[in-house]
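One structure below.
Values below: every heavy atom of this structure, side chains too, minus hydrogens, waters and symmetry copies. Keep in mind it's a predicted model, so treat the numbers as computed, not measured.
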Amino acid sequence: MTDYSEEQRNELEALESIYPDSFTVLSEKPTTFTITVTSEAGENDETVQTTLKFTYREKYPDETPLYEIVSQENLDDDDVMDIIKLLEQQAEENLGMVMIFTLVSAVQEKLNEIVDQIKTRREEEKKQKEREAEEEEKQRFHGTPVTIENFLNWKAKFDAELLEIKRKKMKEEEQAGKNKLSGKQLFEMDHNLDTSDIQFLEEAGNNVEVDESLFQEMDDLELEDEEDDPDYNPVNLDSD
């Protein structure tokens, strides 16, 4: 007859010696304990980690233990689901044998794979960004190839923008025409305009200086008498 209690007790002792820093007994009836599993260090010493909780059933190892993930670090939901499926598979394959060490080792390998996947994913993201940057640089120098379709799209957009500019200009000119004042309106707005010219003449008149040297006595002027003119002929005047 199988002594399940003995097998369980022996396994607990072995687990405590294998995982002295991560093994914790939570209760004895039923026997429940946790083991924290950490991956190997990845890029920049990054790790992923999970804490597994196991509970022995009465007839373990002929019955699979109960298991669950009680905490995790740096794992997404898909990773957690993959670990649960892995535990289920390993438990079924090792039924009838003490299996906690096997289950924990399988999870350890899975975490190491996840760290490698994170590293690979980051390298791919880095390469993708570099490719995008190179493509953007090429586009900057070569521009976008002109096709009939994108030319027509550009032309329609350009015509629409040009039409809008013309409309705004016409509207501004129309508004400026409405705001332009006539001479009558300017005169009505400024009543000083009717006296401004007179005032200007008066102010200028006070300052006018006459140069008398420009004028001479009429007697000093040498004017020829028409009768003294040898060519003078009164008959010719009448003929006109």
Side-chain angles (χ1 to χ4, degrees), residues 1-140:
M1 181 178 178
T2 304
D3 188 347
Y4 297 113
S5 297
E6 181 68 19
E7 289 195 32
Q8 293 173 13
R9 185 166 53 253
N10 291 337
E11 184 179 41
L12 281 176
E13 292 176 358
L15 293 172
E16 188 173 6
S17 63
I18 295 172
Y19 307 107
D21 299 326
S22 60
F23 175 82
T24 303
V25 176
L26 301 179
S27 68
E28 294 182 356
K29 292 184 179 181
T31 302
T32 303
F33 55 92
T34 61
I35 298 177
T36 299
V37 188
T38 304
S39 70
E40 296 176 356
E43 187 178 14
N44 300 323
D45 294 328
E46 184 178 34
T47 60
V48 293
Q49 179 176 287
T50 183
T51 298
L52 306 174
K53 178 181 176 182
F54 297 98
T55 299
Y56 286 152
R57 290 179 177 176
E58 183 179 355
K59 295 182 179 181
Y60 172 83
D62 287 339
E63 293 179 323
T64 60
L66 301 175
Y67 49 82
E68 62 178 300
I69 295 177
V70 294
S71 67
Q72 57 84 16
E73 293 182 9
N74 300 325
L75 294 173
D76 57 32
D77 294 340
D78 290 338
D79 293 331
V80 173
M81 292 301 300
D82 289 342
I83 293 172
I84 293 295
K85 291 177 181 179
L86 177 63
L87 289 170
E88 181 180 356
Q89 176 187 351
Q90 291 294 318
E92 292 295 333
E93 291 178 1
N94 292 277
L95 190 62
M97 300 179 291
V98 291
M99 64 180 75
I100 302 301
F101 175 77
T102 301
L103 298 181
V104 172
S105 297
V107 172
Q108 177 79 59
E109 292 180 3
K110 181 65 177 177
L111 296 183
N112 291 338
E113 290 178 5
I114 292 173
V115 168
D116 291 338
Q117 291 172 0
I118 292 174
K119 179 181 179 181
T120 301
R121 183 167 60 249
R122 288 180 176 174
E123 289 177 349
E124 287 297 324
E125 291 175 352
K126 182 180 179 181
K127 291 179 181 179
Q128 180 63 25
K129 290 181 178 179
E130 291 175 352
R131 288 193 293 267
E132 292 176 354
E134 291 177 359
E135 186 64 26
E136 183 178 350
E137 191 69 18
K138 290 180 181 179
Q139 291 292 337
R140 184 180 303 173

Neighbour count >12 (heavy atoms, 6.0 Å) for atom CZ, F23
yes
If you measure from CG on L87 to CD on Q89, what distance do you get to the nearest 0.5 Å?
10.0 Å
Ignoring hydrogens and angles, tell me if any N or O in the side chain of E11 forms a donor-acceptor pair with the backbone of I100 under 3.5 Å.
yes
Non-neighbouring partners of Q128 that pass side chain to side chain donor-acceptor pair (under 3.5 Å), sequence neighbours left out:
R131, E132
Y60 to Q8 - nearest heavy-atom pair and separation:
O-NE2, 3.1 Å
CD (E6) with more than 12 external heavy atoms under 6.0 Å:
yes
So do T102 and M97 actually touch side chain to side chain, heavy atoms under 4.5 Å?
no
Step through the shown structure and confirm whether more than 12 heavy atoms of other residues, nucleotides or ligands are within 6.0 Å of CD on E16.
no
Would you compute the distance between atom CD of E40 and atom CD of E109 and round it to the nearest 0.5 angstrom?
10.0 Å
Starting from the C-alpha separation in whole Å, work towards a yes-or-no answer on side-chain contact (heavy atoms from CB on, under 4.5 Å) for T47 and V115.
CA-CA 7 Å; T47 60; V115 168; 5.5 Å; no
So does L86 get a backbone contact from the side chain of Q90, meaning a donor-acceptor N/O pair under 3.5 Å?
no
Side chain to side chain contact (heavy atoms under 4.5 Å, CB included) involving Q49 - partner list, sequence neighbours excluded:
T36, T38, E73
Any donor-acceptor N/O pair, E7 side chain to V98 backbone, under 3.5 Å:
no
Listed once per pair and sorted, the salt bridge (charged side-chain N to carboxylate O under 4.0 Å, His left out) pairs that draw on residues 77-92, sequence neighbours left out:
none
Passing candidate, side chain to side chain contact (heavy atoms under 4.5 Å, CB included) with S39, options I114, V48, T50:
V48
Please name the pair of heavy atoms, one in F54 and one in L103, separated by the smallest distance, quoted to 0.1 Å.
CE2-CD1, 3.8 Å
